[in-house]
*Asks:* 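Sharing a structure here in structure tokens format.
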Amino acid sequence: MDSLSLLLADARLPTGGHAQSGSLEPALLAGLRPDEIEGLLRTRLRTNVPVDAGTAVVVSTSTVTEVEAVVDAWNARVPSEVVRAASYRAARGYLRLGARVGLDARWARRTDLPRPVALGLLARHWRLRPTDTARVVCHDEIQTVAAAALKLAPLDPLDTVQWVLQLRTEVDAVVDAVAALTDPDDIPAATAPLLEQWQHTHPTHPRRLFHA
């Protein structure tokens with residue numbers, strides 16, 4: 001990965017990721033045990049993450065006129081309005097970053113773009129390789145959950161590092177599956193219904209630390 005990819009993958013990047021738990025908080029509130037968090041990550045890497053990674057890759061190789069078709073394709077693959085709303089909020093941090101680094105203002109001012117589209121626009125702006133774009137999405141997903149886990153559960157920080165290392169095979173599989181995509185119709189269309197159910201209960205829960 002080049003330096004720009006590493007910048008996007010850095011958890012310290014001020015894009016608002018600290019307000020997201022990657023569905024971990026509602027899962028724990030619903031009864032998920034801390035020793036099952038790695039399994040939750042594997043599930044996300046086999047369902048939700050390929051959708052976002054594929055979307056970001058297709059945006060990164062699209063023309064300006066094609067991006068709207070990718071937005072429509074992502075919306076069609078994410079039927080939950082709660083999940084979509086969380087992604088739109090997360091996108092704003094990346095678009096704010098984009099405004100600072102010269103991303104076209106027509107995109108940087110948008111509030112109706114999901115996070116993977118925002119990441120794809122930055123990847124296109126910086127001419128990242130599709131493999132790096134897909135890997136950034138995967139890494140961001142894992143690190144979002146890992147960072148949230150340390151606030152929500154009694155864990156050794158080295159546990160979360162171990163998850164990242166042990167999930168390399170799954171990450172490589174996602175990258176291999178989506179790195180060559182150029183057509184919105186080819187974006188994966190998998191989902192995890194139980195995670196979505198948990199996320200639907202989260203916005204109204206009386207005890208929560210994260211937006212989503």
Side-chain angles (χ1 to χ4, degrees), residues 11 13-56 70-96 110-119 136-157 159-160 162-164 166-167 170-171 174 187-212:
L13 191 68
T15 55
H18 64 280
Q20 305 290 321
S21 75
S23 75
L24 176 62
E25 185 171 29
L28 290 171
L29 290 171
L32 187 83
R33 300 192 311 270
D35 62 356
E36 296 176 314
I37 295 175
E38 185 181 345
L40 180 143
L41 281 167
R42 290 185 190 278
T43 297
R44 288 186 63 84
L45 284 167
R46 294 170 184 175
T47 55
N48 308 82
V49 176
V51 179
D52 281 5
T55 298
V70 186
V71 175
D72 290 343
W74 183 86
N75 282 323
R77 288 159 173 76
V78 184
S80 165
E81 71 276 10
V82 172
V83 177
R84 290 198 304 270
S87 188
Y88 297 154
R89 284 195 300 269
R92 293 170 195 167
Y94 288 100
L95 295 174
R96 183 169 174 264
R110 293 278 292 268
T111 60
D112 60 343
L113 299 176
R115 182 182 65 96
V117 170
L119 275 168
V136 164
V137 173
C138 293
H139 182 76
D140 185 57
E141 290 279 352
I142 295 171
Q143 290 288 54
T144 294
V145 173
L150 294 177
K151 298 179 178 71
L152 294 168
L155 292 164
D156 184 331
D159 291 338
T160 63
Q162 187 175 16
W163 298 340
V164 176
Q166 291 179 337
L167 291 167
E170 282 79 2
V171 169
V174 174
I187 296 171
T191 188
L194 183 56
L195 291 183
E196 290 189 0
Q197 178 182 326
W198 289 338
Q199 286 174 286
H200 269 257
T201 66
H202 193 238
T204 58
H205 199 283
R207 182 173 62 84
R208 61 192 178 103
L209 296 177
F210 295 91
H211 284 309

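Note that the coordinates shown come from a computational prediction; the quantities given were computed from them, not determined experimentally.
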*Asks:* Could you check whether any side-chain heavy atom of Glu81 comes within less than 4.5 Å of a side-chain heavy atom of His200, counting everything from C-beta outward?
*Replies:* yes
*Asks:* Looking only at heavy atoms, which two atoms of Gly54 and Pro188 are closest? And how far apart?
*Replies:* CA-CD, 4.5 Å
*Asks:* Salt-bridge test for Glu141 and Arg115: reply yes if a basic N is under 4.0 Å from a carboxylate O, no otherwise.
*Replies:* yes
*Asks:* Could you tell me which non-hydrogen atom of Val164 sits nearest to which non-hydrogen atom of Ile142, and how far apart they are?
*Replies:* CG2-CG2, 3.6 Å
*Asks:* How long is the span from the CD1 atom in Ile37 to the CZ atom in Arg42, to the nearest 0.5 Å?
*Replies:* 13.5 Å
*Asks:* Under the side chain to side chain contact (heavy atoms under 4.5 Å, CB included) criterion, do Trp198 and Leu195 qualify, and how do the steps go?
*Replies:* CA-CA 5 Å; Trp198 289 338; Leu195 291 183; 3.7 Å; yes
*Asks:* Which pair of heavy atoms, one from Val137 and one from Ala56, lies closest together, and at what distance?
*Replies:* CG2-CB, 3.8 Å
*Asks:* Does Trp74 form a side chain to side chain contact (heavy atoms under 4.5 Å, CB included) with Asp52? I'd like the steps, not just the answer.
*Replies:* CA-CA 8 Å; Trp74 183 86; Asp52 281 5; 2.8 Å; yes
*Asks:* Could you check Arg92 against Thr111 for side chain to side chain contact (heavy atoms under 4.5 Å, CB included), going step by step and ending with a plain yes or no?
*Replies:* CA-CA 7 Å; Arg92 293 170 195 167; Thr111 60; 4.2 Å; yes
*Asks:* Between Ser23 and Arg44, do the side chains contain an N or O donor and an N or O acceptor separated by less than 3.5 Å?
*Replies:* yes
*Asks:* Closest approach of Leu155 and Ala149, non-hydrogen atoms and distance?
*Replies:* CD1-CB, 3.7 Å
*Asks:* Thr144 versus Asp140: any side-chain heavy-atom pair under 4.5 Å?
*Replies:* yes
*Asks:* Do any N or O atoms from the side chain of Arg84 and from the backbone of Pro79 form a donor-acceptor pair under 3.5 angstrom?
*Replies:* yes
*Asks:* Asn75 and Tyr88: which non-hydrogen atoms are nearest, and at how many Å?
*Replies:* OD1-OH, 2.8 Å
*Asks:* Does the side chain of Thr191 come under 3.5 Å of the side chain of Glu196 through a donor N or O and an acceptor N or O?
*Replies:* yes
*Asks:* Is there a side-chain contact between Ile187 and Val70 (heavy atoms, below 4.5 Å)?
*Replies:* yes
*Asks:* Heavy atoms, side chains only, cut-off 4.5 Å: are Thr55 and Pro114 in contact?
*Replies:* no
*Asks:* If you compare all heavy atoms of Trp163 against all heavy atoms of Ala146, which two are closest, and at what distance to 0.1 Å?
*Replies:* CZ3-CA, 4.2 Å
*Asks:* Taking atom OG of Ser80 and atom CG of Asn48, what is their separation to the nearest 0.5 Å?
*Replies:* 10.0 Å
*Asks:* Assess whether side chain to side chain contact (heavy atoms under 4.5 Å, CB included) is satisfied between Gln199 and Glu25, documenting all intermediate values.
*Replies:* CA-CA 9 Å; Gln199 286 174 286; Glu25 185 171 29; over 6 Å; no
*Asks:* Quick one: are Val171 and Val49 in side-chain contact, heavy atoms under 4.5 Å?
*Replies:* no
*Asks:* Quick check for you: to the nearest 0.5 Å, what is the distance between Leu24 atom CG and Leu40 atom CG?
*Replies:* 6.5 Å
*Asks:* When rounded to the nearest 0.5 angstrom, what is the spacing between NE2 in His202 and OG in Ser21?
*Replies:* 5.5 Å
*Asks:* May I ask you to decide whether Arg33 forms a salt bridge with Glu36, counting only side-chain N to carboxylate O separations under 4.0 Å?
*Replies:* yes
